[in-house]
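Every number for a ligand or one of its atoms is a count from 1 in the order of the listing.
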Amino acid sequence: MLHLDNGFDLRPAGSEDAAKIALWMAQPHIQQWWHQNWSVEHWAQEIERQAAGEHSVPCVAAVDAEDFGYVELYRVRHDRLAEYYSALDGDWGVHVAIGDVTRVGRGLGRQLLRALADALLLADPACLRVVAEPDVENLPSVRAFAAAGFVQQGELQLPDKTALLMVRTRTVED
Ligand SMILES: CC(C)(COP(=O)(O)OP(=O)(O)OC[C@H]1O[C@@H](n2cnc3c(N)ncnc32)[C@H](O)[C@@H]1OP(=O)(O)O)[C@@H](O)C(=O)NCCC(=O)NCCS
């Protein structure tokens, strides 16, 4: 369990979280962008697959001890995204989904994203940048990342979407 700023906790997801994550992923506001409305079994396998590899770390985010969202932290050098911009070896990427619908659109996302980026930059000295690639049309996501200090670096034409590359550095000057 990693304690982040502002009362957030982050813990690695296990297969025991698959039912909760599957429920979250079925919510229309998430399904619309994630396209991962899978069965509980599929999610259990997915969590195990990720946990066994080098690419990404599936996590559950909580605030004040209540689980509310799913986070994937990924090493860009092992991700397709590395083919689309000049990634540095230490770059981490973030995917996020607030599953608890009562908590969406209330500023929680931007607080979590800021706390997450701060924690990654602090925990990994080799990490100079934390990046995200929201769909250009996903305005709530783009606005939440921007409010968390991620700066737009231009559009990327990915196989399945036009994304905005958004980058959070240690300091504004970096
Ligand atoms: C993206 C997500 C994590 C952001 O968290 P959040 O707590 O909802 O975000 P915040 O409340 O901090 O900010 C939302 C912003 O979007 C704006 N917004 C909300 N709905 C909007 C809409 N339909 N059109 C335009 N802007 C919208 C809000 O006004 C706010 O911006 P502002 O305060 O700067 O004006 C959350 O919405 C979510 O889980 N969405 C579904 C999954 C997803 O899209 N994940 C991201 C994939 S990259």
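- Distance check: E72 CD to H95 NE2 gives 6.0 Å after rounding to the nearest 0.5 Å.
- Any N or O atom pair closer than 3.5 Å counts here, and I30 shares no such pair with ligand 1.
- Backbone and side-chain nitrogen or oxygen atoms of R110 are examined, and one is located within less than 3.5 angstrom of a nitrogen or oxygen of ligand 1.
- Near G109, meaning under 4.0 Å from any of its heavy atoms, are these atoms of ligand 1: 5 (O), 6 (P), 7 (O), 12 (O).
- In the vicinity of W33, heavy-atom distances shorter than 4.0 Å reach the ligand 1 atoms 44 (O).
- Considering only non-hydrogen protein atoms, atom 40 (N) of ligand 1 sits nearest to H29 CD2, 3.9 Å.
- Near G105, meaning under 4.0 Å from any of its heavy atoms, are these atoms of ligand 1: 6 (P), 7 (O), 8 (O), 11 (O).
- If you look at Q111 next to ligand 1, there are no close heavy atoms at all, none under 4.0 Å.
- Not one N or O of P134 is nearer than 3.5 Å to an N or O of ligand 1, by distance alone.
- Of the protein's non-hydrogen atoms, V104 CG1, 3.7 Å is the one closest to atom 37 (O) of ligand 1.
- Annotation: G107 places an N or O atom under 3.5 Å from an N or O atom of ligand 1; distance criterion only.
- When the options A146, A144, P140, A132 are ranked by their closest heavy atom to atom 21 (C) of ligand 1, first place goes to P140.
- Taking distance alone, with nitrogen or oxygen atoms compared against 3.5 Å, V96 approaches ligand 1 more closely than that limit.
- Within a 4.0 Å radius of atom 29 (O) of ligand 1, the protein contributes no non-hydrogen atoms.
- Remark: D89 does not engage R75 in a salt bridge, criterion side-chain N to carboxylate O under 4.0 Å.
- D67 and K20 are joined by a salt bridge, as a carboxylate oxygen and a charged side-chain nitrogen come within less than 4.0 angstrom of each other.
- The two residues R110 and G107 come nearest to each other via the heavy atoms CG-O, 3.1 Å.
- Atom 2 (C) of ligand 1 is never approached by the protein to below 4.0 angstrom, counting heavy atoms only.
- Among the atoms of E133, none of the N or O lies under 3.5 angstrom from an N or O of ligand 1.
- The N/O atoms of A97, backbone and side chain alike, include none that comes under 3.5 Å of an N/O atom in ligand 1.
- Of all the heavy atoms in A13 and I21, the pair that sits closest is CB-CD1, 4.1 Å.
- The distance between the ring centers of F68 and W24 does not fall below 6.0 angstrom.
- Within the 4.0 Å heavy-atom shell around ligand 1 one finds R106.
- The contact set between ligand 1 and L139, taken as ligand atoms under 4.0 Å from a residue heavy atom, comprises 25 (C), 26 (N).
- The two residues P134 and M166 have their closest heavy-atom pair at CG-SD, 3.8 Å.
- Ionic pairing of R80 and E83 is not present here: no N-O contact between side-chain nitrogen and carboxylate oxygen is shorter than 4.0 angstrom.
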Worksheet entry | Worked check of salt bridge (Lys or Arg N to Asp or Glu O under 4.0 Å) between R103 and E66 | CA-CA 11 Å; R103 295 184 185 269; E66 238 181 85; 3.2 Å; yes
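- Under the 30°/60° scheme for interplanar angles, the aromatic rings of W38 and W43 are found to be tilted.
- Side chains of Y85 and D91: a donor-acceptor N/O pair is present below 3.5 angstrom, by distance only.
- In terms of protein heavy-atom proximity, atom 32 (P) of ligand 1 is nearest to R143 NE, 3.2 Å.
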Worksheet item: Could you walk me through whether E155 and K161 pass the salt bridge (Lys or Arg N to Asp or Glu O under 4.0 Å) check?
Response: CA-CA 10 Å; E155 291 187 6; K161 67 180 179 187; over 6 Å; no
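- In terms of heavy atoms, A117 sits closest to R168 at CB-NH1, 3.5 Å.
- Remark: ligand 1 and N138 share an N or O pair separated by less than 3.5 Å (distance only, no angle test).
- Ligand 1 has no nitrogen or oxygen under 3.5 angstrom from a nitrogen or oxygen of S141.
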